[in-house]
2 protein chains.
Amino acid sequence: MAQETILLVDDEKEIVQLLDIYFRNEGYRLLKASDGIEALEALRSEAVDLIILDVMMPRMDGVEACMKIREHRHMPIIMLSAKGQDIDKITGLSIGADDYVTKPFSPLELVARAKSQLRRYKQLNRPAERESGEIEIDGLLVDVASHEVSVEGRAVKLTPREFAVLELLARNRGIVLSMERIYEHAWNEPFLDGGNTVMVHIRKIREKIERDPRNPRYIKTVWGVGYKIDK
Amino acid sequence: MAQETILLVDDEKEIVQLLDIYFRNEGYRLLKASDGIEALEALRSEAVDLIILDVMMPRMDGVEACMKIREHRHMPIIMLSAKGQDIDKITGLSIGADDYVTKPFSPLELVARAKSQLRRYKQLNRPAERESGEIEIDGLLVDVASHEVSVEGRAVKLTPREFAVLELLARNRGIVLSMERIYEHAWNEPFLDGGNTVMVHIRKIREKIERDPRNPRYIKTVWGVGYKIDK
DNA sequence: ATTTTTCTTAAAGCTTTCTTAAAAAAACCT
DNA sequence: AGGTTTTTTTAAGAAAGCTTTAAGAAAAAT
């Protein structure tokens, strides 16, 4: 998955530095700007997925920057405001921000809110991603929406991981997938050790969907390479 | 597909201007009215697919407008309300809005909810125009309009939140909904912490509608994914 | 302002799932 | 064929996820 970029706009060095650590730690790319003008410039040259804007800044404050950005861009914006800054006044303006956080705030909370906004934004951009909800292979039916699998009409209960592995293979019919690729896709984390977790899962899946696991009809072993479902 | 039309009713210029950008960008036609009276007029002369109504407006407020519209029309209505305005009532029988967003709202969230309502109504008008305001599942009756629920004829009293959760699941039969999605839909706010509030609510609902909560007939747990009601 | 209801939080207990390790089987290579 | 490597199979312990309870906080009703 591509790394997401966050633009943090604040003139207070300490805050920027602090948040830099937190967002980096969560795997985001963090761009920095210290006022509205800089922010607008940064937006011209970089692809940004989310903006965090402090309200109080020199040259161009957060409110103005927010409205300017909104004229052209629709990525989520989170506003940072100080306690005394009368939140109601800011939020009442309907400047188009998506969330508001008051200082002093917990960095973790801001990270959580940022994540939440990014999640929603991503979903919005691909709503019709019903990825053809169902995959049918011979007599094997994989229904992503309901998370159900059936073989020749008989329902089969798979665990989350098993489902992820089977779905991956089913979506890539005819393509051999290495253990690494399977692991990294289905587990969503790097494949480090040389464990045989994936194999064990394949075994479990076969046990459930194959009539004769020794002679699998669906998930074929490609010796020395990986697994695949034939086209 | 023909362009869909949204009628935005709000007296606050900034909000209208802001949303104009968003909905235009998403490919909708946006009509504007600044109070309930104008809204009703607009409805007479134009074909509208969805209405967004601010609760607080001069001349005729959103609540009254909503009720008036409901007398004649069957179309999705989303209310913009301040926090603390009896939300349960807004989506309840007397007022009859389909959804609501509280100010200050995230434009992205409003767009997402608008899309969701449009999708729902389109599906409703196509296969079998059966929105008697009731969803029937096996022996479970969910009355969307009056917010009443009964099992095998016996009335069951659910709290507003419980109802929101059950309604969401009932409207999405056969689809697994994650805790996140359930929370964000039924609570109308971002799911930040990893709390188990949703689970506790599910438990309460089961206690009320299931004969044997351990072996639920309606709300099924999908391990590691979420909850669903089977189709 | 008080009572009642609803919601949230936290923790304990239970169930399911995942991982690990090791032995057995199969495929490959020379 | 014999040795080597890779995959399959098993089983048990560890980890993760779900359920249930209960008590306090918050919200709503009176």
Side-chain angles (χ1 to χ4, degrees), chain A residues 147 149 156-166 169 176-180 182-210 212-216 218-228, chain B residues 81-90 92 102 147 149 156-166 169 176-180 182-210 212-216 218-228:
Chain A
H147 234 252
V149 172
V156 162
K157 226 186 103 204
L158 294 189
T159 71
R161 235 99 227 211
E162 287 162 10
F163 190 91
V165 172
L166 181 59
L169 286 165
V176 186
L177 300 172
S178 66
M179 284 209 316
E180 280 96 336
I182 292 172
Y183 189 89
E184 301 198 330
H185 250 278
W187 271 254
N188 226 344
E189 53 184 73
F191 180 80
L192 300 171
D193 60 340
N196 68 339
T197 304
V198 173
M199 286 175 177
V200 174
H201 279 266
I202 294 279
R203 162 67 179 47
K204 291 286 181 137
I205 298 169
R206 281 179 175 154
E207 196 170 72
K208 292 176 179 178
I209 68 170
E210 303 278 5
D212 175 13
R214 298 291 178 96
N215 264 55
Y218 301 113
I219 301 181
K220 302 278 174 62
T221 301
V222 182
W223 225 82
V225 187
Y227 300 93
K228 72 165 177 188
Chain B
S81 75
K83 231 181 210 125
Q85 271 170 354
D86 199 338
I87 269 113
D88 195 34
K89 210 159 256 168
I90 286 175
T102 56
H147 285 199
V149 172
V156 162
K157 221 186 109 205
L158 294 189
T159 70
R161 229 103 231 209
E162 286 162 9
F163 184 85
V165 172
L166 181 60
L169 287 165
V176 186
L177 301 173
S178 66
M179 284 207 318
E180 269 178 17
I182 293 172
Y183 188 89
E184 299 199 334
H185 239 285
W187 271 255
N188 272 47
E189 53 185 75
F191 180 80
L192 299 172
D193 59 344
N196 68 340
T197 305
V198 173
M199 287 175 178
V200 174
H201 279 264
I202 294 277
R203 164 68 180 42
K204 291 285 182 145
I205 297 168
R206 279 179 175 157
E207 200 169 71
K208 291 176 179 178
I209 69 170
E210 303 277 4
D212 175 12
R214 298 284 179 103
N215 264 57
Y218 301 113
I219 301 181
K220 301 277 175 64
T221 301
V222 181
W223 249 84
V225 186
Y227 297 95
K228 73 169 174 185

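In what follows, every chain begins at residue 1, and chains take the letters A, B, ... in the order their sequences are listed.
As a whole-Å value, the separation of Met199(A) CE from dA21(C) P is 15 Å. Atom CZ of Phe163(A) is separated from atom C1' of dC18(C) by 18 Å (rounded to the nearest Å). In this structure, CZ of Phe191(B) is placed 17 Å from P of dC7(C), rounded to the nearest angstrom. Whole-Å rounding puts the Asn215(A) CG to dA25(C) P distance at 17 Å. When rounded to the nearest whole Å, the span between CD of Glu162(A) and P of dT19(C) equals 11 Å. As rounded to whole Å, 15 Å separates atom P of dC7(C) from atom CG of Asn196(B). If you take CG of Asn188(B) and P of dC7(C), they are 14 Å apart, rounded to a whole angstrom. Distance CZ (Arg161(A)) to P (dT20(C)): 12 Å, rounded to an integer number of Å.
Nearer the 5' end of DNA chain C, as judged by each residue's closest nucleotide, is the contact made by Tyr183(B), out of Tyr183(B) and Arg214(B). In terms of position along DNA chain C, the nucleotide closest to Lys208(B) lies nearer the 5' end than the nucleotide closest to the other residue of the pair Trp223(B) and Lys208(B). For Ile202(A) and Gly84(B), each mapped to the nucleotide of DNA chain D holding its nearest heavy atom, the one lying further toward the 5' end belongs to Ile202(A).
Under the 4.5 Å side-chain criterion, counting only non-hydrogen atoms from C-beta, Arg203(B) is not in contact with Pro213(B). Counting heavy atoms from C-beta on, the side chains of Tyr227(B) and Leu177(B) never come closer than 4.5 Å.
Under a 3.5 Å cut-off, the side chain of Glu210(B) and the backbone N or O of Glu207(B) do not form any donor-acceptor pair.
Across all their heavy atoms, Val165(A) and Ala186(A) have their closest contact at CG2-CB, 3.9 Å.
Among the heavy atoms of the strands lying under 4.0 Å from Tyr227(A) are primed sugar atoms or P, OP1, OP2 only; no base atom is included. As judged by a 4.0 angstrom heavy-atom cut-off over every strand, Asp193(B) is placed among residues touching the sugar-phosphate backbone only. Nucleic acid contact class of Asp86(B) (heavy atoms, under 4.0 Å, all strands): none. Counting non-hydrogen atoms under 4.0 angstrom, Gly195(B) reaches nothing in the nucleic acid.
Residue Thr197(A) has its side chain nearest to dT19(C) when only dT19(C), dT6(C), dA25(C) are considered.
When the shell of 6.0 Å around NZ of Lys220(A) is examined, it contains more than 12 heavy atoms from other residues, nucleotides or ligands. When the shell of 6.0 Å around NE2 of His147(B) is examined, it contains more than 12 heavy atoms from other residues, nucleotides or ligands. The number of heavy atoms from other shown groups lying within 6.0 Å of NZ (Lys208(B)) is above 12.
At the phosphate of dC7(C), neither OP1 nor OP2 sits under 4.0 Å from any side-chain N or O atom of Trp187(B). Distances shorter than 4.0 Å separate none of the side-chain N or O atoms of His201(B) from OP1 or OP2 on dT6(C).
Ring geometry for His201(A) versus Trp187(A): interplanar angle over 60°, hence perpendicular rather than tilted (30 to 60°).
On the nucleic acid side, DNA chain D has its first and last nucleotide under 4.0 Å of a heavy atom of chain A at dT5(D) to dT10(D), going 5' to 3'.
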